[in-house]
S.K.: 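Mind looking over this structure? Questions follow.
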Amino acid sequence: MSDSTVTQSEGREEVAVPQAVTGEERPRPLVRLRRPRRPRLWFEILLIAVSYWTYSLIRNAVPEQKGKALRNADWIWSAEHHLGIAVERSVNHAVNSAPWLIIGMNYYYATLHFIVTIGVLVWLYRWHPGRYAAARLALFATTGVALAGYYLFPLAPPRLMRDGHFVDTVMVHHTWGSMASGDLKHMSNQYAAMPSMHIGWSLWCGLTVFALASVPWVRVLGLLYPAATLLVIVATANHFWLDAVGGVLCLAFGFSVARMWYGALPYALPRVAPGRALRPAQVPVP
């Protein structure tokens, strides 16, 4: 007999209340945590602030291991030559020859990494609350596994290589920019280039916008954003191509974690999170 069966009792119609609503078998805490829920603004702001502070603290606390980082950079550069993709220096010098372009890229590298990511999170929170938590989990897992990369594989960026002949574009053009160059370099670990979270985060943003935006040109911009970021990180000599590959692998891990936890990729979840189950007293009786 179905849950919606209507029975007669003393001349009055009664609605049989589904068992899941009566509270007789409430979901276990772990099951509740794995269900998409409406995000709470104060909690999300606090979570993001604390998480980014923790990420920065751990990333910058990782031993710099300068010698090992420089040796790893030489190894990466040699590996890329064998693969035929070692064109970072050519890109760096070519773009640096156009001051207006490289200065713009310096500011792009320093600002959009945060602005666009926060903007996409706010957009998800406002317009796709049912998918927000899963997408945020994918981003957090991506960032978390990157910390292991910084610890296990310290890597100098191209601009710090010995005899690499790369141009540190922030230093040369005296732009306010990356915390890895100029006056702010002592506030950031100089040898945490692998993986590139500029790629991990920008690709997360791009895929999210492409999958969920309804306006075609906005979806195209979503795909162009990580592509432009890839050009910027190479042109400014902050990363190798293979650092970008590391960022993509971290993102794949992040999406895998989100899928295992919620049972589906973030974009396959309902746009609006289901409301809380009604208590017995709240069930309307016709």
Side-chain angles (χ1 to χ4, degrees), residues 52 54-93 95-96 102 105-106 108-110 112-114 117 139 141-172 177-182 184-204 226 229-254:
Y52 183 73
T54 304
Y55 164 76
S56 299
L57 183 67
I58 295 174
R59 180 181 186 272
N60 296 335
V62 172
E64 290 195 346
Q65 305 179 44
K66 179 178 179 179
K68 186 176 181 180
L70 290 171
R71 290 193 297 272
N72 285 339
D74 291 336
W75 182 84
I76 289 284
W77 191 228
S78 176
E80 289 194 349
H81 274 90
H82 285 296
L83 294 172
I85 60 174
V87 296
E88 290 93 332
R89 186 164 55 202
S90 298
V91 174
N92 172 237
H93 284 254
V95 178
N96 186 65
I102 195 62
M105 287 188 174
N106 284 342
Y108 179 116
Y109 185 88
L112 291 192
H113 180 51
F114 305 103
T117 304
L139 181 64
T142 297
T143 306
V145 75
L147 292 173
Y150 300 146
Y151 183 84
L152 298 173
F153 193 79
L155 180 67
R159 58 187 174 75
L160 293 183
M161 285 182 65
R162 294 172 296 206
D163 302 322
H165 304 293
F166 284 90
V167 178
D168 188 331
T169 58
V170 171
M171 291 289 291
V172 169
S178 170
M179 292 184 67
S181 296
L184 299 176
K185 65 182 179 181
H186 298 297
M187 298 176 60
S188 178
N189 184 356
Q190 295 288 286
Y191 303 104
M194 171 65 84
S196 168
M197 280 298 93
H198 272 74
I199 292 300
W201 288 13
S202 67
L203 188 56
W204 175 86
T229 300
L230 178 60
L231 176 60
V232 167
I233 66 172
V234 171
T236 56
N238 279 293
H239 289 284
F240 296 98
W241 296 122
L242 291 181
D243 299 346
V245 174
V248 172
L249 292 177
C250 287
L251 182 63
F253 172 83

S.K.: Nearest 0.5 Å, what's the CZ-OG1 distance between F166 and T236?
M.R.: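 Rounded to the nearest 0.5 Å, the CZ-OG1 separation comes to 11.0 Å.
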S.K.: Mind checking the OH-NE2 spacing from Y108 to H198? Nearest 0.5 Å is all I need.
M.R.: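 With rounding to 0.5 Å, OH (Y108) is 8.5 Å from NE2 (H198).
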S.K.: Please collect all salt bridge (charged side-chain N to carboxylate O under 4.0 Å, His left out) contacts where either partner lies in residues 69-80, sequence neighbours excluded, each pair once.
M.R.: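 Qualifying pairs, neighbours excluded: D74-R162.
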S.K.: For W75 and F153, take the angle between the two ring planes, folded into 0 to 90°, and tell me which bin it lands in: parallel under 30, tilted 30 to 60, perpendicular over 60.
M.R.: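 Taking F153 first and then W75, their aromatic rings stand perpendicular (interplane angle over 60°).
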S.K.: If you compare all heavy atoms of L242 against all heavy atoms of I85, which two are closest, and at what distance to 0.1 Å?
M.R.: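 So the two residues come closest at CD2-CD1, 4.4 Å.
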S.K.: Between V234 and W241, is there a side-chain heavy-atom distance shorter than 4.5 Å?
M.R.: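 They are in side-chain contact.
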S.K.: Can you measure from CG (L147) to SG (C250) and round to the nearest 0.5 angstrom?
M.R.: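 The CG atom of L147 sits 9.5 Å away from the SG atom of C250.
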S.K.: Work out which heavy atom in H165 is nearest to a heavy atom in H93; give both atom names and the distance.
M.R.: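 Smallest heavy-atom distance, with atoms named: O-NE2, 2.7 Å.
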S.K.: Kindly indicate whether the side chain of M105, heavy atoms from C-beta on, has any atom under 4.5 Å from the side chain of V95.
M.R.: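 They are in side-chain contact.
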S.K.: Flag the pair L112 / V232 as yes when at least one side-chain heavy-atom distance between them is below 4.5 Å, and no otherwise.
M.R.: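 No, side chains not in contact.
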S.K.: Within the distance-only criterion (no hydrogens, no angle test), does the side chain of D243 pair as donor or acceptor with the backbone N or O of S196 below 3.5 angstrom?
M.R.: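 Side chain of D243 to backbone of S196, a donor-acceptor pair under 3.5 Å: no, none is there.
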S.K.: At what distance, to the nearest 0.5 angstrom, does CG of L155 lie from CE of M161?
M.R.: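 L155 atom CG to M161 atom CE measures 9.0 Å (nearest 0.5 Å).
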S.K.: Within a strict 4.5 Å, meaning less than it, do heavy atoms of the V170 and D168 side chains meet?
M.R.: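 Yes. Closest side-chain heavy atoms under 4.5 Å.
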S.K.: Which heavy atom of P158 sits nearest to which heavy atom of N238, and what is that distance?
M.R.: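 For P158 and N238, the tightest heavy-atom pair comes out as CD-C, 3.8 Å.
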S.K.: Would you give the length of the straight line joining atom NZ of K66 to atom OH of Y191, rounded to the nearest 0.5 angstrom?
M.R.: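 Nearest 0.5 Å value for the NZ-OH distance: 4.5 Å.
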S.K.: Kindly indicate whether the side chain of I199, heavy atoms from C-beta on, has any atom under 4.5 Å from the side chain of V248.
M.R.: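 I199 reaches V248 side chain to side chain.
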S.K.: Between K68 and P154, what is the shortest heavy-atom contact and its length?
M.R.: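 Between these two residues, the closest heavy atoms are CD-CG, 3.9 Å.
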S.K.: For residues P195 and Y150, determine if any side-chain heavy atom of one lies less than 4.5 Å from a side-chain heavy atom of the other.
M.R.: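 Yes, their side chains come closer than 4.5 Å.
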S.K.: For a quick test of reading the model, state the closest non-hydrogen atom pair linking R89 to G164 and the distance between them.
M.R.: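 Closest approach of R89 to G164: NH1-O, 2.9 Å.
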S.K.: Working to the nearest 0.5 Å, report the span between OG1 of T142 and CE of M197.
M.R.: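 Rounded to the nearest 0.5 Å, the OG1-CE separation comes to 6.5 Å.
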S.K.: Does a donor on one side chain and an acceptor on the other come within less than 3.5 Å for N106 and T169?
M.R.: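 Yes, T169 and N106 have a side-chain donor paired with an acceptor closer than 3.5 Å.
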S.K.: Write down the atom of A156, the atom of F240, and the distance for their closest heavy-atom approach.
M.R.: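 So the minimum-distance heavy-atom pair works out to O-CE1, 3.6 Å.
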S.K.: Pick from T143, T229, T117: which one makes a side chain to side chain donor-acceptor pair (under 3.5 Å) with W201?
M.R.: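 Among T143, T229, T117, the one meeting side chain to side chain donor-acceptor pair (under 3.5 Å) with W201 is T143.
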